[in-house]
Amino acid sequence: MGNIIATGFNSGSDDGELFSLEADLRRLADIGVDTVELGLTGIDLISGGRILPQRLERLIAITSQFDFRYTVHGLVSSNFMDPDTAQFQMEAAKALVEVCDRIDARILVQHGGALRADQIHQRAEADIREREALTELGDFARPYGVRIAFENIFTTEPGQYRQTPAEVAETVKAVNHPNVVALIDFSHAYIESTYKGLNFREQIAAMAPVTGHLHVHDSFGRPQAFYKAFHPQENTAMGIGDLHMPLGWGDIDWDSIFAELEFLPDTIMMMEIGRRHRSEQPESLARARRLAGLDQPEAVAAQ
């Protein structure tokens, strides 16, 4: 449980507008949350790499109402391996760094990249392209005091090129930048380990020494494959896919993981638990604080 300083939940807009984000932040404050990861790319804040000033001022007015520690989730579709959109993504990511600074968020999440099966000719340069982009973004973020948290993802289509969690760690080591850290998404690692026949615990252990941010949500590590549920709850019933369930609903052994792994200083444990599980959030919050050692009197006093 070493070096975790806070835990909380992700939040965003239900409809692309800021009103629903504000309502959700108020709800999280009411249940005692002190740390929130903002999913800002579901809101029009950036246009063609440029910040929309009036929208940003509205966001600042909303976030300043609450005494939260903020982090920000960048483009969910981020993919620095893709040569066709990499420059546009960089412009958007740099704008998000500036947004982070304006709302006093010091972590920006960046997803690991991928190539489609038909992009075989791009694979030789894909890892290099991603490393160079992370270095450029880290250099840009450094004066703002923002760290780029590079997240492991899982394979989402046949023939896709995607780095394993251990390879994500190697990317962060190769970049070797003070403002670029790894982000372990435990469920993503579990699913990818199942899909590729890897040892889940070995994969996350390889990431831990360079990890400065965590995404926590439960699952059974079963790839979605070609199964298509009619209702999302049917995936839950079968334990298939990236379920974003409350802690304890899946079979990830959180207690032993957090007893064994140690992360970089100032690591935040962020719970990405689906909106339909709001009623379970208080229980998950209590469990996460216990796992992180934040329920001890000395930890509470330090917050």
Side-chain angles (χ1 to χ4, degrees), residues 2-12 21 25 28 33-43 45-46 51 56 59-60 63-64 66-78 80 89-90 92-112 133-153 165 168-169 171-172 175-186 188-189 204 207-217 261-273 288-289 292 294 303:
N3 292 328
I4 298 175
I5 61 169
T7 187
F9 294 100
N10 63 313
S11 181
L21 171 64
L25 292 178
L28 290 173
V33 173
D34 56 30
T35 304
V36 174
E37 185 153 291
L38 299 170
L40 296 183
T41 60
I43 303 166
L45 286 171
I46 299 166
I51 296 172
L56 177 57
L59 175 67
I60 293 169
T63 56
S64 63
F66 306 98
D67 190 24
F68 290 133
R69 182 198 307 268
Y70 289 111
T71 66
V72 169
H73 199 302
L75 296 168
V76 178
S77 60
S78 57
F80 280 149
Q89 291 186 50
M90 180 62 70
K94 287 180 177 178
L96 282 166
V97 168
E98 295 185 50
V99 171
C100 285
D101 185 57
R102 293 292 305 276
I103 62 173
D104 196 22
R106 300 303 154 190
I107 286 284
L108 174 63
V109 174
Q110 176 79 21
H111 278 187
L134 287 170
T135 300
E136 180 180 342
L137 186 57
D139 286 344
F140 183 85
R142 189 170 188 172
Y144 292 96
V146 172
R147 294 201 293 182
I148 308 304
F150 188 54
E151 180 176 356
N152 62 292
I153 312 296
V168 168
T171 292
V172 172
V175 170
N176 191 29
H177 196 291
N179 288 75
V180 178
V181 298
L183 188 169
I184 298 177
D185 186 304
F186 293 91
H188 291 177
I204 58 175
M207 288 189 71
V210 292
T211 291
H213 201 60
L214 306 172
H215 279 174
V216 176
H217 46 98
L261 297 185
E262 185 166 332
F263 312 101
L264 294 174
D266 300 326
T267 292
I268 292 173
M269 179 200 291
M270 188 56 57
M271 287 179 284
E272 289 190 318
I273 294 175
R289 284 174 172 165
L294 297 173
Q303 293 184 50

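Since we're looking at a predicted model, the values are computed, not measured.
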V109 side chain reached by T71 side chain, heavy atoms, under 4.5 Å | no
Side-chain touch L56/V99, heavy atoms, less than 4.5 angstrom = yes
Could you pull out the closest heavy-atom pair between M90 and A133, with the gap in Å?
-> CE-O, 3.2 Å
First locate atom CD of E262, then atom OG1 of T267, and finally report the distance between them rounded to the nearest 0.5 Å.
-> 9.5 Å
When rounded to the nearest 0.5 angstrom, what distance separates CE in M270 from CD1 in I107?
-> 9.5 Å
Pairs touching residues 140-152 that satisfy salt bridge (charged side-chain N to carboxylate O under 4.0 Å, His left out), sequence neighbours left out | none
Describe, in one word, how the ring planes of F140 and Y144 are oriented to each other, choosing from parallel (under 30°), tilted (30 to 60°) and perpendicular (over 60°).
-> tilted
Determine yes or no for a side-chain-to-main-chain donor-acceptor pair under 3.5 angstrom, with H111 supplying the side chain and V76 the backbone.
-> yes
Taking all non-hydrogen atoms of both residues, which atom of N179 and which atom of G145 are closest, and how far apart?
-> ND2-C, 4.4 Å
Value rounded to 0.5 Å, distance of CG in D101 from CZ in R106 | 4.5 Å
What's the verdict on side chain to side chain contact (heavy atoms under 4.5 Å, CB included) for L38 and I43, showing C-alpha distance, side-chain angles and the deciding distance?
-> CA-CA 10 Å; L38 299 170; I43 303 166; over 6 Å; no
How far apart are the closest heavy atoms of I51 and A95, and which atoms are they?
-> CD1-O, 3.6 Å
D67 versus D34: any side-chain heavy-atom pair under 4.5 Å?
-> no
To the nearest 0.5 Å, atom CZ of F66 lies from atom OG of S11 at 9.0 Å
May I ask you to test the V72-I103 pair for a side-chain heavy-atom distance under 4.5 Å?
-> yes
Report yes if the side chains of D104 and Y70 come closer than 4.5 Å at any heavy-atom pair, otherwise no.
-> no
Answer yes or no: is there a side-chain heavy-atom contact under 4.5 Å between L59 and L21?
-> yes
Between D185 and N152, is there a donor-acceptor pair closer than 3.5 Å when you use the side chain of the first and the backbone of the second?
-> no
Specify whether H217 and H188 have parallel, tilted or perpendicular ring planes, treating 30° as the upper limit for parallel and 60° as the lower limit for perpendicular.
-> perpendicular
Please name all residues satisfying salt bridge (Lys or Arg N to Asp or Glu O under 4.0 Å) with D266, sequence neighbours left out, ordered by chain then number.
-> none
For the residue pair L134 and H177, establish whether any side-chain heavy-atom pair is separated by less than 4.5 Å.
-> no
L261 and A208: which non-hydrogen atoms are nearest, and at how many Å?
-> CD2-CB, 4.2 Å
Taking all non-hydrogen atoms of both residues into account, name the closest pair between V97 and L108 and its distance.
-> CG2-CD2, 3.7 Å
Side-chain heavy-atom pair V168, I153 within 4.5 angstrom cut-off | no
Considering all heavy atoms, the nearest P209-L264 contact | O-CD2, 3.2 Å
Listed by chain and number, what are the ring-ring contact (aromatic ring centres under 6.0 Å, His included) partners of F80, not counting sequence neighbours?
-> none
Going from CZ on F263 to CG on L214, what distance comes out if it is rounded to the nearest 0.5 angstrom?
-> 4.5 Å
Using modelled atom types only, decide if a donor and an acceptor are shared between the side chain of T7 and the backbone of M269 within a distance under 3.5 Å.
-> yes
Rounded to the nearest 0.5 Å, what's the gap from CG on L183 to CD1 on I148? Could you check?
-> 11.5 Å
Determine yes or no for a side-chain-to-main-chain donor-acceptor pair under 3.5 angstrom, with T135 supplying the side chain and V175 the backbone.
-> no
